[in-house]
Asker: 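A single structure is presented below for examination.
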Amino acid sequence: MNWFTKSVLFLYSLIIAVLSGILLCAVFDDGIFADLLSPLSSIVTDPVRKYFYIVIMLFLLFLSVASILICITSGRMSKTRIRNTDIGGVDIGADAIESIASNSAKSAQVGIKNVKVRVSSSKNNSIIVKLNADLYSNVEIPSSMTKVQEKVKKDIERYTGLTVESVQVKVVKVEPIVAKVDK
């Protein structure tokens, strides 16, 4: 989605959320908006219509909150990045870039046990890579994670031809190394 579509969807969702909240409050205290909501008085006083009205307003409220959350959290990169060549176009999926970054981080041999990767778009047709890493306890974090950042950036740029703006590493967990005992 482009910024205009996101803005319109966010504004629409916000209006629907506020309106649904106001109308839901009117059900429980019909004196608050007597003049403003006089056409709805027949709905509020009829018990069958009242529950139907509550269900519809709760559904609209839930739908609008979900739309707002989607707008806020949709910083994910579009499905593919396109590279044009002399013979045609090459589509590189976000999952492929995440897989390259994950393999690159694990192959850096700096004590990464597990890694989760998210890729998002940035300005100037570049990408931002975010890594959440679980490490073993014998890792010197600053120097090792610098090595991972450099390797991930270099590998993505080499394998895809895309420009990597930044590689952000977050160390989520440090686990002790457990020695295996043979029986």
Asker: Can Met57 be reached from Leu61 by stepping across I, L, V, M, F, W or Y side chains whose heavy atoms are under 4.5 Å apart?
Answerer: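 As far as the 4.5 Å side-chain criterion goes, Met57 and Leu61 are connected within one cluster.
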Asker: What is the minimum heavy-atom distance between Pro176 and Ser137, and which atoms define it?
Answerer: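 Closest approach of Pro176 to Ser137: CA-OG, 3.5 Å.
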Asker: Using a 4.5 Å cut-off on heavy atoms from C-beta on, say whether the side chain of Met145 contacts that of Val171.
Answerer: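 When only atoms from C-beta onward are counted, Met145 and Val171 do touch, with a gap below 4.5 Å.
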Asker: With rounding to the nearest 0.5 Å, note down the distance linking CD in Glu165 to OG in Ser121.
Answerer: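 Rounded to the nearest 0.5 Å, the CD-OG separation comes out at 10.5 Å.
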Asker: State, yes or no, whether a side-chain contact exists between Ile112 and Val148 at a heavy-atom distance under 4.5 Å.
Answerer: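 Heavy-atom side-chain distance check passes, below 4.5 Å.
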Asker: Once you round to the nearest 0.5 Å, how far does CG of Leu58 lie from OH of Tyr53?
Answerer: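 OH of Tyr53 is found 10.5 Å from CG of Leu58.
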Asker: What's the shortest heavy-atom distance between Val129 and Ala101, and which atoms?
Answerer: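 Smallest interatomic distance, heavy atoms only, reads CG1-CB, 4.1 Å.
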Asker: Evaluate whether atom CD of Glu140 has more than 12 neighbouring non-hydrogen atoms of other residues, nucleotides or ligands under 6.0 angstrom away.
Answerer: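 Not more than 12 within 6.0 Å, no.
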Asker: Backbone N or O of Asp95 within a donor-acceptor pair of the Ser99 side chain at under 3.5 Å?
Answerer: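 Not confirmed, Ser99 side chain does not pair with Asp95 backbone.
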Asker: Do Phe62 and Ile54 share a hydrophobic cluster, counting only Ile, Leu, Val, Met, Phe, Trp and Tyr and linking them when any side-chain heavy atoms are less than 4.5 Å apart?
Answerer: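 Result: no, two separate clusters.
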Asker: Say whether Val169 and Val172 are linked into one hydrophobic cluster, either directly or through other cluster members, by side-chain heavy-atom distances under 4.5 angstrom.
Answerer: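 Different hydrophobic clusters.
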Asker: Would you call Glu98 and Arg118 a side-chain contact if the rule is heavy atoms closer than 4.5 Å?
Answerer: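 In contact.
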Asker: Enumerate the residue pairs fulfilling salt bridge (charged side-chain N to carboxylate O under 4.0 Å, His left out) with a member in residues 152-161, sequence neighbours excluded, ordered by first and then second residue.
Answerer: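 Listed once each, the pairs are Lys151-Asp155, Lys153-Glu157, Asp155-Arg158.
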Asker: Checking Lys113 now: which residues fulfil side chain to side chain donor-acceptor pair (under 3.5 Å) with it, not counting sequence neighbours?
Answerer: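 Here the qualifying residues are Glu175.
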Asker: Do Ile100 and Ile92 sit in one hydrophobic cluster, given that two such residues count as connected whenever their side-chain heavy atoms are within less than 4.5 Å of each other, even indirectly?
Answerer: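 Cluster IDs for Ile100 and Ile92 match.
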Asker: For the side chain of Ser144 and the backbone of Ile141, is there at least one donor-acceptor N/O pair under 3.5 Å apart?
Answerer: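 Answer holds: no.
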Asker: Do you reckon Leu162 sits in the same ILVMFWY cluster as Val117, going by side-chain contacts under 4.5 Å, direct or chained?
Answerer: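 Yes, Leu162 connects to Val117 through the hydrophobic network.
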Asker: So how far is it from Ile97 CD1 to Ser120 OG, rounded to the nearest 0.5 Å?
Answerer: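 Spacing of CD1 (Ile97) from OG (Ser120) equals 10.5 Å.
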Asker: Answer yes or no: is there a side-chain heavy-atom contact under 4.5 Å between Ile127 and Ile156?
Answerer: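 Yes, close enough: below the 4.5 Å cut-off.
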Asker: Between Ser166 (side chain only) and Gln168 (backbone N and O only), is there a donor and an acceptor less than 3.5 Å apart?
Answerer: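 The answer is no, because no donor-acceptor pair under 3.5 Å joins these two groups.
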Asker: Is the shortest heavy-atom distance from the side chain of Val115 to the side chain of Asn132 under 4.5 Å?
Answerer: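 Contact flag for Val115/Asn132 side chains = no.
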